[in-house]
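This report refers to the structure that appears directly beneath it.
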Protein chains: 2
Amino acid sequence: MNDSRIIDVANRAGVSVATVSRVLNGSNLVSGKTKSRVMQVIEELNYTPNAAAKNLRSKRSMTIGVVVSDIEVSYYAEIIKGIENMANSLHYNVIICDAQNQKEKEAGYVSLLQNRTVDGMIFVTPFLSNQELVALVEDGFNVAVVGRLIEHSDIPCIHTDNVKIAIDVVSHLIEQGHERIAFLSGYADAIDSYERLEGYMKALRGANLPFIPDLIENGDFNEDGGYQAFLRLLGKKASFTAIFAANDEMALGVYLACKELSISIPEQLAVVGVDNIRITKYVTPRLSTVEQPKYTMGALLAEKLIDRMNEDVYHDQRVFCVESKLLIRESSSFSRKQ
Amino acid sequence: MNDSRIIDVANRAGVSVATVSRVLNGSNLVSGKTKSRVMQVIEELNYTPNAAAKNLRSKRSMTIGVVVSDIEVSYYAEIIKGIENMANSLHYNVIICDAQNQKEKEAGYVSLLQNRTVDGMIFVTPFLSNQELVALVEDGFNVAVVGRLIEHSDIPCIHTDNVKIAIDVVSHLIEQGHERIAFLSGYADAIDSYERLEGYMKALRGANLPFIPDLIENGDFNEDGGYQAFLRLLGKKASFTAIFAANDEMALGVYLACKELSISIPEQLAVVGVDNIRITKYVTPRLSTVEQPKYTMGALLAEKLIDRMNEDVYHDQRVFCVESKLLIRESSSFSRKQ
DNA sequence: TATTTTTTTGAAATCGATATCATTTTGTTT
DNA sequence: AAACAAAATGATATCGATTTCAAAAAAATA
């Protein structure tokens, strides 16, 4: 264990703790001679400063906490890597908290982070409501959010242009000759859901196609939810030849149902998802989807958050919107035009 | 921000900080009356103790650090969930450090954890050598390791019976009528690799089949490494009808190469992997693999580590070996017997 | 009621760092 | 060499909790 303290270093080097502290923190008001002697002693004793003491006194931990709803989802894992690498390069450490899809667990982590005196928090989760986030800010915490836009607040947010995503997907399907396109949405109240719905409707309107409410069904962003929602959609008997799933997981649920019902993709049904999770390249047929710059989103947001933490005044941009890219693969490349 | 301190609570409640501390820590030498008054004030001020101060004084953080080589690998994610839930239920928090497959990054996290005064560390990574782990222990840290066995040490370890895994897989292939079975190993020096090689050889011997050194090739546990190693294997011209990959990622590499070379699985080549990662169920044909009780491994190890941290003397079991289960799916269910 | 025991409480030291302010040392200028 | 400025160092308060030890209050006993 590291049982040497700053005072041990000071004694051994024949200086005061203040001087050692200066050396430790790279102050320039210490002579080169003293500095090298202290550093040598630090080396000899294999001394490392006690973080608790340091945090207590300096009131900062050079750590940011990341709360993620489920690390097992590779989509999130990628974002976290972006956050982590950017934070590290700015000399910050990252603590990852996995809420495991449980709201209570998430709440527990939030209070853990509050107590742990992390200098900032990034939320990559749909559970915490906007109000709760704003409350955290009002409580004095540095908060940032990826994946959604918090209106009427000062919270740095990074999100994708969901309307454009939906327009891209639906336009592509229309181009392939589809006229009745179902939309498998996520949670009805998730911003992703209704923004994509908006894009979906826009694209239909743009192509002079009717909007059929029966072709909309809500899921929960998970595979099983997609499966169930798809079955409900089929139950409605409003026929459709293509389906736009709000994310890849739900699209996988559609795949599963199609397999069981012997519906062939893409001949009988074209499917497009969103997120470009790894599995999409391994399923047959490969799933058309939308690539989001996940890593970049994480990195950019981390940078902005840390910037803000270190400036007293900032007039910087708060909301960031990144571009996504439609990846056309086999699941949607059967043209119905002749 | 939580700016109220213990002394604020004390003043407002008209007691000393010692008393508040007692209430906070559930000491039973405080009267019921005082206790409820203090608790009410805590509530009113929305007070939470400062973790840095607490850690500094009590020299424990009720936190364990988990170093994982790559959170994006769902295999690890599952283990972490096990660790986390067990730790939480024992009132410990978990800090996840993602080494992103970089040894230096891992080293950085190790020193971070050392300073952060986590009470214990769990390593889910192949990078840190046994020596380095032992050094950590000698330095006074509570360390535990998942996925390998550290000999001549007191480190709690949890691992699977790799020999049995290999025997199960190879015996299954032999039963299907295969006589020339290639083994796509991982890093040559990884314990998983040579234990599985041992099982592979044992199974062959048991069936009176010859051991052909040319049928062994090493990869790196990743998809691309599996792809490359498989190509090298093909280059050797020692023919084989089945392949046992040291993990699923490498088996996916084999799938990729087979697709490019129009080798059909399982008719021309049977493939079996290990780990049962999610993708195995989505590829065509579904990949036969070996399920490891990942969640249980994480949970059990966390429990043992925390037990040890809290006991001065322990004569408890140190090494845990969990059972794995072969999952036969389509990639290996084409029988060559007639 | 006086005395002893038990229960509650508080004062103050402590954990190990940082940061302020005073002081000493060194270097410059006249 | 004297006077002053600048650079380097140290003594000490401080962060906010826990913990020890002593003191006070309450309860039990004589």
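Quantities reported herein were computed from a predicted structural model and do not represent experimental measurements. Letters A, B, ... mirror the listed sequences (proteins, then strands); counts begin at 1.
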* To do: Write down the distance between CG (A:N55) and C1' (C:dA17), rounded to a whole number of angstrom.
  => 10 Å
* Please determine if a side-chain N or O atom of A:S31 lies less than 4.0 Å away from the OP1 or OP2 oxygen of D:dT9. => yes
* Separation of D:dA17 P from B:L45 CG (nearest whole Å) -> 12 Å
* To do: Consider the side chain of A:L56, meaning its heavy atoms from C-beta on, and name the nucleotide among D:dT9, D:dC15, D:dA17 that approaches it most closely.
  => D:dC15
* Asked: Closer than 4.0 Å, any side-chain N/O of B:R5 to the OP1 or OP2 of D:dG16?
  -> yes
* Closest to side chain of A:I6, choosing from D:dT12, D:dG16, C:dA17 -> C:dA17
* Asked: Does B:L305 reach the side chain of B:M121, with side-chain heavy atoms less than 4.5 Å apart?
  -> no
* Asked: If each of A:N50 and B:L29 is mapped to the nucleotide of DNA chain C with the nearest heavy atom, which maps nearer the 5' terminus, i.e. the 5' end?
  -> B:L29
* **Rounded distance (nearest 0.5 Å) linking atom NZ of A:K54 with atom NZ of A:K59** => 16.0 Å
* To do: Mind checking ring-ring contact (aromatic ring centres under 6.0 Å, His included) for A:Y295 and listing every partner two or more places apart, or none if nothing turns up?
  => none
* Examine D:dC15: is either OP1 or OP2 under 4.0 Å from a nitrogen or oxygen in the side chain of A:K54? Give yes or no. => no
* Asked: In whole angstrom, what separates A:R37's CZ from D:dG10's C1'?
  -> 14 Å
* Asked: If only side-chain N and O atoms of A:S58 are considered, is one of them under 4.0 Å from the OP1 or OP2 phosphate oxygen of C:dA19?
  -> no
* With the side chain counted from C-beta on, respond yes when B:S21 and B:I6 share a heavy-atom pair under 4.5 Å apart, and no when they do not. => yes
* Asked: Residues from residues 18-26 of chain A sitting under 4.0 Å of DNA chain C, heavy atoms only?
  -> A:A18, A:S21, A:R22, A:N25
* Going by distance alone, is a donor N or O of one side chain under 3.5 Å from an acceptor N or O of the other, for A:Q100 and B:N85? -> yes
* Structure fact -> Here the distance between atom C1' of C:dT18 and atom CZ of A:R60, to the nearest Å, is 13 Å
* Would you classify B:D8 as touching base, sugar-phosphate or nothing, given that sugar-phosphate means primed atoms plus P, OP1 and OP2, and contacts are heavy atoms under 4.0 Å? => nothing
* Do B:D154 and B:R308 come within less than 4.5 Å of each other through their side chains, counting heavy atoms only? -> yes
* To do: With heavy atoms under 4.0 Å as the rule, sort A:G32 into base, sugar-phosphate or nothing.
  => nothing
* Structure fact -> DNA chain C nearest-nucleotide lookup for B:V30 and B:R57: closer to the 5′ end is B:V30
* Mapping A:K59 and A:K35 to their closest nucleotides on DNA chain D, which lands nearer the 5' end? -> A:K35
* Asked: How many Å lie between NZ on A:K33 and P on C:dT25, as a whole number?
  -> 13 Å
* Structure fact -> Rounded to whole Å, the CD1-C1' distance (B:I7 to C:dA12) equals 12 Å
* Asked: Is a side-chain donor-acceptor pair under 3.5 Å present for B:Q40 with B:E44?
  -> yes
